[in-house]
Amino acid sequence: MRAYFRLFQFIKPHLGVFGVAVLCMVGSTILNGVQVGAFIPLIDRVANDRLLPTLAWFPGWLNGLILWFNSLPQRTLVNLFAVAIPLLFLFKSLLEFLQTFFMSDASQRVVRDLRQKMFDKFTALSLDYHHRQPAGSTMSRIMYDTGIVQNSLIEGLTDLVYQPFQIAVYLAIVLRINWALALMTFAVIPLIALITLWIGRLLKKYSRQAQVVMGQLHSTILESITGIQVVQAFQMEHDARVKFASTNERSYRINRKIQKRMNLLTPMTDFLGAVGASFVFWYGCRQVLAGTMTLGTFTAFFAAMMFLIRPFKRLAKLHSVNQQTVAAALRIFEILDVEPTITEHPKAKTLPMFRHEITYDKVSFQYDNQPVLRGVSLTIPRAEIIALVGPSGGGKTTLANLLPRFFDPTSGRVLLDGVDLRHVTLASLRGQIGLVTQETTLFNDTVRANLAVGNPSASLSEMVEAAKVANAHAFISRMPKGYDTVVGERGSLLSGGERQRLAIARAVLKNPPILILDEATSQLDAASEHLITEALERVCQERTVVLIAHRLSTVRLAHRIVVIQEGRIVEQGSHEELLKTSALYRRFCELQLMHPTAKLGESHHMPRDL
Ligand SMILES: Nc1ncnc2c1ncn2[C@@H]1O[C@H](COP(=O)(O)OP(=O)(O)OP(=O)(O)O)[C@@H](O)[C@H]1O
Ligand SMILES: [Mg+2]
């Protein structure tokens, strides 16, 4: 019930469109009633030439209409009906069209809003959520679950309003004509309800399974497509296909189960409907033969009864559809209810422009009970370039990620000019930090658009300036459309070095006082490395820089070098000092000289805990 109520919150803003649809439904239902009522004059007056009775409880206009029918010759009445019937159908069809149109419009709007809300939520959720949730499951929640809600909203909303209307109109007719017979026939309704509830319960269960499998399907597709090169290089195509086939097969089986249950409902309710109908036929015919009911009245009763079956069947089906909707809606709300772990303090202040120093104060951090940083204390004065070096997995990226508050320390504090990051707004904090991540992220858009991420209001000349600083201008100019060249998904049309320089240009364009440069560990040739080092040298000037370095050439840019191993600062000092005092650092330099692209702790000649 809660799910319905919350879904209704999404319908609320579109109640206008919904209202128009309902009005059309009321109109078309009344015309349906007129259509059934028309059997009485058509059969009794025209076919059997009997005078129609006026009744005291009829409204005046209806009795007037009856008297008018009685006064007309049969032939005129036939002509009249020949014209009136198509007109009636024309109006009814028009209203039905409008009702369907507005109803689907309302549901499309609801789904659009739901999708937007979910997307907004996903972009607001903190990194830890995204690291845990596979992208495929996220995709399938936004696309598949909202799709289910959309389908059932069109059907569901229409039926929810339309069918009770129909039931009311036809019920009024049958009860007026012969209430005793009507009530006897309704004995089949509890049976239909029982079957419906049973099938609904099954569907809810299967719908949940279908969603899980859909998430796995999405994941498998995303993984294989984004990693297609590795898939092909390692000849994993067959394995990937087999993996996909087995998930695909599971999805097929669950959906088949769902379809089977759904479609079982119709024949079962049909059969019960037929039992009711044959009872009405048997009983009614005997009354017509005994002369206690006219043929016209019986026909109208029978027709209304037949028309009553459909709405009941639709409502029964609606219940099944709803079970799937509720399951999907609950999954949607589950996401909407996730709170980001990184939230702004209600009284968060705007961080003033960075002036003095960044301080890590006894910072510890763990991912899911796995300690990564252990009591790190570090002060970085303004305009210092500090290099973090150390074995892979030591916690360098994690340490840097605490600065833009992608995560909060498990204990200890990170301060900027003495202000705890948890007490300032995210916008004012992140606005002062430029970030070049270890894996370069570019968007499938033009060079210009990718640069504009750094500063949306930058002019082209400013972009060119930034690209020149980052040694990216030359290669951008050589591309077919220059700054308007599309770089492909995640920058796949560029080389690794070009991607990095574009990412550096983007950070430069933002012109932040603090820069975090997480050097890519991918191998670069000497020329490319030189271009990047040169770019970094220019970029670092007059800024406070946290430089996570994997290459000796980059380390040399730093004023101070901090060696991090297993989540602790083990040494720090200048290049010369460390060469004298730190065996770990010396090893790093030697390795770099021997194999310029090697990383500390990755050589099998050297134990990791040197
Ligand atoms: N999202 C995550 N969830 C759980 N553990 C993580 C996550 N990210 C990193 N880790 C773990 O934290 C440790 C430190 O990772 P981090 O990325 O900070 O290392 P690093 O020093 O930057 O290494 P590299 O030089 O290879 O980039 C590693 O052991 C890693 O397995
Ligand atoms: Mg790293």
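The figures that follow rest on heavy atoms only: side chains count, while hydrogens, waters and symmetry mates do not. Numbering of ligands and ligand atoms starts at 1, following listing order.
- Remark: the Asn455 side chain and the Glu462 side chain contain no N/O donor-acceptor pair separated by less than 3.5 Å.
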Stepwise side-chain hydrogen bond (donor to acceptor under 3.5 Å, both in side chains) check, Gln150 with Gln108: CA-CA 7 Å; Gln150 172 175 356; Gln108 298 269 11; 3.0 Å; yes
Residues Tyr367, His131; criterion ring pair (Phe, Tyr, Trp, His ring centres under 6.0 Å); working and verdict: CA-CA 10 Å; Tyr367 291 109; His131 285 167; 7.0 Å; no
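- Backbone or side-chain N, O or S atoms of Thr398 do not reach the Mg ion (ligand 2) at under 2.8 Å.
- At least one N or O atom of Gly394 sits closer than 3.5 Å to an N or O atom of ligand 1.
- Residue Lys396 touches ligand 1 through backbone and side chain together, judged by heavy-atom distances below 4.0 Å.
- Under a 3.5 Å cut-off, the side chain of Asp417 and the backbone N or O of His356 do form a donor-acceptor pair.
- For the Mg ion (ligand 2), the N/O/S atoms of Ser392 include none lying under 2.8 Å.
- Between Asp368 and ligand 1, not a single N/O pair is under 3.5 Å apart.
- Geometrically, ligand 1 and Gly395 share a nitrogen or oxygen pair separated by less than 3.5 Å.
- Taking every heavy atom of Thr397 and a limit of under 4.0 angstrom, the matching atoms of ligand 1 come to 17 (O), 18 (O), 20 (P), 22 (O), 27 (O).
- Only the side chain of Val372 comes within 4.0 Å of ligand 1, counting heavy atoms alone; its backbone N, CA, C and O stay farther away.
- At least one heavy atom of Gln438 sits under 4.0 Å from some atom of ligand 1.
- At least one heavy atom of His550 sits less than 4.0 Å from an atom of ligand 1.
- If you number the atoms of ligand 1 from 1 as listed, the ones under 4.0 Å from a heavy atom of Thr398 come out as 14 (C), 15 (O), 16 (P), 18 (O).
- Considering Lys121, Arg331, Arg6, Lys117 as possible partners of Asp337, the one that fulfils the salt bridge (Lys or Arg N to Asp or Glu O under 4.0 Å) test is Arg6.
- Judged purely by atom type and a 3.5 angstrom limit, Arg538 uses its side chain to pair as donor or acceptor with the backbone of Val469.
- For ligand 1 and His131, the ligand atoms under 4.0 Å from any heavy atom of the residue are 1 (N).
- In this structure, CG in Leu421 is found 9.0 Å from CG in Leu402, a value given to the nearest 0.5 Å.
- Scanning all heavy atoms of the two residues, the minimum distance from Val486 to Leu493 falls at O-CD1, 3.5 Å.
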